[in-house]
Amino acid sequence: MLVSGLLAGFVIGFVAGGDWRNLQRLDLKLWPALFAGAVARVVAPFLGGLALASSIAGLLLVSFVALANRALPGAWLIAVGSLLNVAVISINGGMPIDSGALAASGKPAPADALHLISGPETRLAFMGDVLLVPLINNIYSVGDVVLAIGGFWMAFRLLKQR
């Protein structure tokens, strides 16, 4: 969701008169750690028993980089969204996904080591993948939405700054 938020922020920022040259002034601290976090998240579904650890490590790296760059607009939201996802995943041993939202989407249950169907034993279920976005027919967590808003705000503000 972070990437989606960033892309939307760049597109809307540009359409709203933002200037791409503003990105030249961006001094993103610890960007290699951000890259490593993104890679850890992308490869996680393919790592079998290490999928959960890779996903959590990736989220923690994203949060760490966001906190290191907290002066940037949206960075705090990115850190909070990442940590919300880490909390719910860590407590449940995976990201809980709401069966009702899954049924409404028409999608099959994820067959990976990163997700689990919410049940009565699920803790913090409201923070799991419970938000169905019909337009794109996908299910997101509260942390995902906070991450996307932070990414959008960061990209939009960077393009629109004077």
Side-chain angles (χ1 to χ4, degrees), residues 1-47 50-90 94-95 97-98 101-102 104-107 110 112-115 126-162:
M1 282 296 287
L2 175 59
V3 172
S4 300
L6 286 166
L7 288 174
F10 283 131
V11 169
I12 293 173
F14 183 69
V15 169
D19 188 348
W20 291 105
R21 290 174 290 197
N22 290 340
L23 297 178
Q24 294 173 355
R25 293 183 285 195
L26 177 61
D27 179 27
L28 187 64
K29 297 176 183 84
L30 303 175
W31 67 265
L34 178 62
F35 180 75
V39 168
R41 296 276 293 153
V42 169
V43 302
F46 307 105
L47 296 179
L50 295 176
L52 201 57
S54 180
S55 185
I56 290 171
L59 286 166
L60 288 172
L61 282 169
V62 168
S63 182
F64 177 69
V65 173
L67 289 172
N69 290 281
R70 63 189 169 274
L72 292 174
W76 279 102
L77 291 172
I78 293 169
V80 168
S82 296
L83 292 174
L84 287 172
N85 281 344
V86 166
V88 72
I89 290 169
S90 297
M95 177 59 82
I97 187 165
D98 181 69
L102 200 56
S105 75
K107 292 183 172 193
D112 59 34
L114 300 174
H115 294 88
F126 68 95
M127 286 176 40
D129 285 343
V130 297
L131 305 168
L132 175 61
V133 179
L135 181 66
I136 53 178
N137 196 36
N138 212 349
I139 306 165
Y140 298 103
S141 68
V142 172
D144 291 338
V145 172
V146 173
L147 266 165
I149 292 169
F152 174 88
W153 187 243
M154 180 178 286
F156 182 82
R157 288 291 309 273
L158 287 171
L159 289 180
K160 292 292 290 177
Q161 62 182 279
R162 301 189 199 290

Note: Met127 and Val88 closest approach over all heavy atoms is O-CG1, 3.9 Å
State, to 0.1 Å, how close Arg70 and Ala75 come at their nearest heavy-atom pair, and which atoms those are. CA-CB, 3.8 Å
Kindly compute the distance separating CH2 (Trp153) from NZ (Lys160), expressed to the nearest 0.5 Å. 10.5 Å
Donor-acceptor contact present, side-chain Asp129 to main-chain Ser141, <3.5 Å: yes
Measure the shortest side-chain to side-chain distance between Leu28 and Asn69 over non-hydrogen atoms and say whether it is less than 4.5 angstrom. yes
Of all heavy-atom pairs between Lys29 and Ala68, which one has the smallest distance, and what is that distance? CD-O, 3.5 Å
Is it the case that over 12 heavy atoms from other parts of the model lie below 6.0 angstrom from the CH2 atom of Trp20? yes
Say you draw a straight line from CG of Asp19 to CD of Gln24; how long is it, rounded to the nearest 0.5 Å? 8.5 Å
CE on Met95 to OG on Ser90, rounded to 0.5 Å: 10.0 Å
Hey, is CZ on Arg25 packed in by over 12 heavy atoms from elsewhere, all under 6.0 Å? yes
Using 0.5 Å steps for rounding, measure from the CG atom of Leu83 to the CD1 atom of Ile78. 12.0 Å
State, with a plain yes or no, whether a side-chain heavy atom of Leu158 is found less than 4.5 Å away from one of Asn22. no
Which heavy atom of Phe156 sits nearest a heavy atom of Ala16, and at what distance? CE1-CB, 4.2 Å
Could you walk me through whether Ser63 and Leu67 satisfy the side-chain contact (heavy atoms from CB on, under 4.5 Å) test, starting with their C-alpha distance in whole Å, then the side-chain angles of each, then the deciding distance to 0.1 Å, before giving a yes or no? CA-CA 6 Å; Ser63 182; Leu67 289 172; 4.2 Å; yes
Is the shortest heavy-atom distance from the side chain of Ile56 to the side chain of Ile89 under 4.5 Å? yes
Closest non-hydrogen atom pair between Ala113 and Leu52, with its separation: O-CD1, 4.2 Å
Scan side-chain atoms only and decide if Ser82 and Asn85 contain a donor-acceptor pair under the 3.5 Å cut-off. no
Heavy-atom nearest pair, Leu114 first then Pro45, reads CD1-CG, 3.8 Å
Does the side chain of Ile139 come within less than 4.5 Å of Leu131's, by heavy atoms? no
If you define the side chain from C-beta out and look only at heavy atoms, does anything of Leu77 sit under 4.5 Å from Leu147? no
Find out whether Val130 and Tyr140 are in side-chain contact, i.e. whether some heavy atom of one side chain is under 4.5 Å from a heavy atom of the other. no
Show, in sequence, the C-alpha distance, side-chain angles and deciding distance for Phe10 and Leu23, and conclude whether the side-chain contact (heavy atoms from CB on, under 4.5 Å) test is met. CA-CA 10 Å; Phe10 283 131; Leu23 297 178; 3.8 Å; yes
Verify whether one side chain among Asn137 and Ser105 offers a donor that lies under 3.5 Å from an acceptor in the other. no
Could you check whether Arg41 and Ser54, counting side-chain N and O atoms only, form a donor-acceptor pair closer than 3.5 Å? no
In the structure I gave you, are the side-chain heavy atoms of Asn138 and Leu132 within less than 4.5 Å of one another anywhere? no
Find the distance between CZ (Phe152) and CZ (Arg157) and round it off to the nearest 0.5 Å. 11.5 Å
Here the gap from Leu26 atom CG to Leu72 atom CG, rounded to the nearest 0.5 Å, amounts to 6.0 Å
